Each structure stands twice: as structure tokens, then as C-alpha cells.
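What you are looking at is a predicted structure, and each value in this text was computed from that prediction instead of being measured. Atom set for the values below is all heavy atoms of this structure, side chains included, hydrogens, waters and symmetry mates excluded.
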Amino acid sequence: MAARAAAPLAASLVLPLLLTACGGGEDRDRRSPSVPGAVTAQASSATSVHVMWRPSTDDRAVTGYEILRDGTTAKRVPADLSMIDVGGLTASTSYRFTVRARDAAGNLSAPSAPAAVTTPAATPDDKRPPTAPAHLTGRADGTGAAELDWGRALDDVGVTAYDVYQEGTRIHSVGGATLSARLTGLRPGTVYTFTVRARDAADNASPDSDAVDITTASAPGAPPGTAPTRLRTSVGRAPSGNGTDITLRWVPPHTGGAIGAYQLFLNGAPTTTIVPGVPSPEGLTSYTFTVTDPPGTRYSVKLRARLPDGRWGDFSAQPTVVVP
């Protein structure tokens, strides 16, 4: 009798475990991300549109976005992007773009409010790029934003967009009639280098504008910055006639002691350690190195100093230099 009575008892213990395992939907993510905000669509050329949006939030994490053109998915991008170019469009055509967010469980937000745009007429014979935007200026706006202004670029047909670049990467675009941009999502107490290029309807891009360095305000209570500042580049033919000399000039950080060395990074990778010489009367330190790459090769350049206590300091701004 005791043995037969134990079976129902065992079953009664197992049953709740099975119910917990099979019915366990308690941890399943059923909540959709918030709707992406402030969606804009700007015609970059006769066949492409630049779409930007404000990132969504989620109770766990947003994993990506879908960009819809007239209700059909045109692009999918990861969660760390909030802008994308959509190509393959038709000239002189109206489109409506929306964006929706996705989380790891596959939940989709509702589509954003639509952004309407009309691509300009094609200009197949336009092979001349615009001139570089002139007189780029900028200023920090608190700890996490910056404002840029520039002069109008000239083009034989017409400028359709201005693209803002930071460290060689396009981070923002505005229409051809707009000569300013507000950049957000920056880090406190950080030096940024920005340039602007103009584009026309045939997708010809201008040379870079002059660069502008902007340092965001430090967070409350943060120590003084340790980054080299006013980093500028110049190029010239190497004295040997073989290659191009790239000269860097910068202002050392104020650290309360001597800077024993700098570390040079090209295209994001450490390249060499520089032992600084005596600064110029203007307080600038300089360094020249030679490259043998073909014309048009681009380098992004940045520095950091070895501080008197032996630690590496913050990175400088990161201008781009082009081999002539």
C-alpha cells in the first residue's frame, strides 16, 4: 500500500515542475520598442535619399531598425545606426519613408510618422563636383552637442546636400539650402574634428572644407583634459623626391609636467612613438613622417601623450590628410 501511495505523491511533485517549464512565458519579451522619432528624408542625389531618425528605447534592448520605402522594407541596419542612405531610386519621384525598431525577441515598433521627399531631376552630363564649403565654424553646446555653420558651396548645376564628416565618417546630412547643423550624442570633455562636403544631384562630392575642432564641456567634477589640441596637418614632397612628407603640429596638453612621448595612430591603428622636441615659440610641437602611397590615399591621424605619471592621456582630434 505504501508503494502504491507514493506514486501519486511523486506525480504531484513533478506536475508543478512541468507546468513551470512548459508554461514559462513569464520571461518572454512581449513589449515592443518605442516608435523612432523625428524621421527626416533628404534627397542626396537624383537616385538616393538620406534617412535619419531619433533612436528608440526598449525595456531590454533595441537590436536594429527597418527603413520602409512606401510601406516596403528597403534597408535593415543595426541598433547603433540612426541614419542610412537608400539608393536605387528614380529621379524626379516622390517617396515616403518610415522607420520601425526591432528588439531581440523580434518585437517591432509601430512605424514612425512618414517623411516625404522628392528626388531631383537627373543630370547625367554633370561631372563637375561642387566647390568646398567655405568658412566652417563650430562651437560646443554643453557636454553632448555641437553647432556647425559654413558658407555656401558653388556648383554648375546646384548643390543638393551637405554632408558632415567626423573622423572620416559621415555622421549627418542636411539639404542644399541649409548651411548649419546641430550634432548630438557627443561625449563630454572630448575633442572632435569636423569637416563638411557638398554634393550635387549627380552625386558628385566636393573636397572637404577646412576642419574645425570642437571640445565638448567636461562633465561636472571631471579632471582637466589631457588631449593634445589644435592638431593640424600639412603635406609636401619628400626631400628625396620619393614619397610625401606629412607634418603634424599640435599644442601639448597642460599636465603640470613634461610630456615624454606621444603615440601616433594612423587610420585607428598605433604606428609609432614620438619623442617630442623643443616646442616652437608659438608653443607647438611638430613631427614629420614620409609615406609612399599613391595620390588620393587618405589617412586619419590622432595622437595621445604619455603623462608624467606614466599613463596615456586622452586622444586628440582626428583630422584626415590626403596624399596629393
Side-chain angles (χ1 to χ4, degrees), residues 80-81 129 132-133 136 138 146 148 163-172 183 185-187 189-197 205-216 225-255 258-280 282-308 310-324:
D80 60 344
L81 294 182
L136 176 64
L148 300 180
D163 300 323
V164 178
Y165 283 78
Q166 188 255 320
E167 298 186 2
T169 300
R170 187 171 66 186
I171 62 168
H172 194 72
L183 310 173
L186 307 181
R187 298 187 302 275
T190 303
V191 186
Y192 291 91
T193 299
F194 298 106
T195 55
V196 177
R197 297 178 200 167
S206 77
D208 288 340
S209 68
D210 290 338
V212 63
D213 289 349
I214 296 177
T215 302
T216 52
T226 58
T229 57
R230 291 172 52 193
L231 175 62
R232 288 293 179 264
T233 64
S234 60
V235 297
R237 181 175 294 277
S240 65
N242 182 25
T244 300
D245 277 355
I246 299 176
T247 298
L248 312 178
R249 294 180 177 87
W250 67 91
V251 175
H254 300 291
T255 61
I259 301 298
Y262 293 89
Q263 192 174 31
L264 171 64
F265 284 68
L266 295 180
N267 296 334
T271 302
T272 190
T273 299
I274 302 168
V275 177
V278 178
S280 71
E282 297 80 17
L284 297 174
T285 298
S286 64
Y287 175 71
T288 299
F289 61 98
T290 303
V291 297
T292 56
D293 301 280
T297 302
R298 302 174 70 90
Y299 287 105
S300 62
V301 183
K302 63 182 178 181
L303 294 167
R304 61 180 179 178
R306 188 184 296 279
L307 306 180
R311 295 179 298 114
W312 288 109
D314 297 329
F315 280 111
S316 69
Q318 185 163 279
T320 298
V321 60
V322 182
V323 177

Check whether any side-chain N or O of Thr215 sits under 3.5 Å from a backbone N or O of Thr190 as a donor-acceptor pair, and report yes or no.
-> no
Can you tell if the side chain of Thr226 reaches within under 4.5 Å of the side chain of Trp312, non-hydrogen atoms only?
-> no
Salt-bridge test for Asp314 and Arg187: reply yes if a basic N is under 4.0 Å from a carboxylate O, no otherwise.
-> no
Quick one: does NZ or CZ of Arg232 land under 6.0 Å from the six-membered ring centre of Trp250, within 45 degrees of the ring axis?
-> no
Does a sphere of radius 6.0 Å around CG in Asp210 hold more than 12 heavy atoms from other residues, nucleotides or ligands, not counting ones at 6.0 Å or beyond?
-> no
Does Thr285 reach the main-chain N or O of Pro252 with its side chain, forming a donor-acceptor pair under 3.5 Å?
-> no
Check step by step if side chain to side chain contact (heavy atoms under 4.5 Å, CB included) holds for Thr320 and Tyr165.
-> CA-CA 10 Å; Thr320 298; Tyr165 283 78; over 6 Å; no
Between Asp213 (side chain) and Thr193 (backbone), is there a donor-acceptor pair under 3.5 Å?
-> no
Please tell me if the side chains of Leu183 and Ile171 come closer than 4.5 Å, counting only heavy atoms from C-beta onward.
-> yes
More than 12 heavy atoms of other residues, nucleotides or ligands under 6.0 Å from CG of Asn242: is that the case?
-> no
Donor-acceptor pair, Thr292 side chain versus Thr290 backbone, under 3.5 Å?
-> no
Heavy-atom nearest pair, Ser206 first then Ala132, reads OG-CA, 3.8 Å
Close side-chain approach of Gln166 to Leu186, heavy-atom, < 4.5 Å | no
Out of curiosity, Thr273 OG1 to Gln263 CD, how far, rounded to the nearest 0.5 Å?
-> 5.5 Å
Does Arg304 count as lying over the ring of Phe265, i.e. NZ or CZ under 6.0 Å from the six-ring centre, within 45 degrees of the axis?
-> no
In this structure, which one of Ile246, Thr247, Thr272, Leu303 forms a side chain to side chain contact (heavy atoms under 4.5 Å, CB included) with Tyr287?
-> Thr272
Less than 4.5 Å apart, any side-chain heavy atom of Asp245 and any of Val235?
-> no
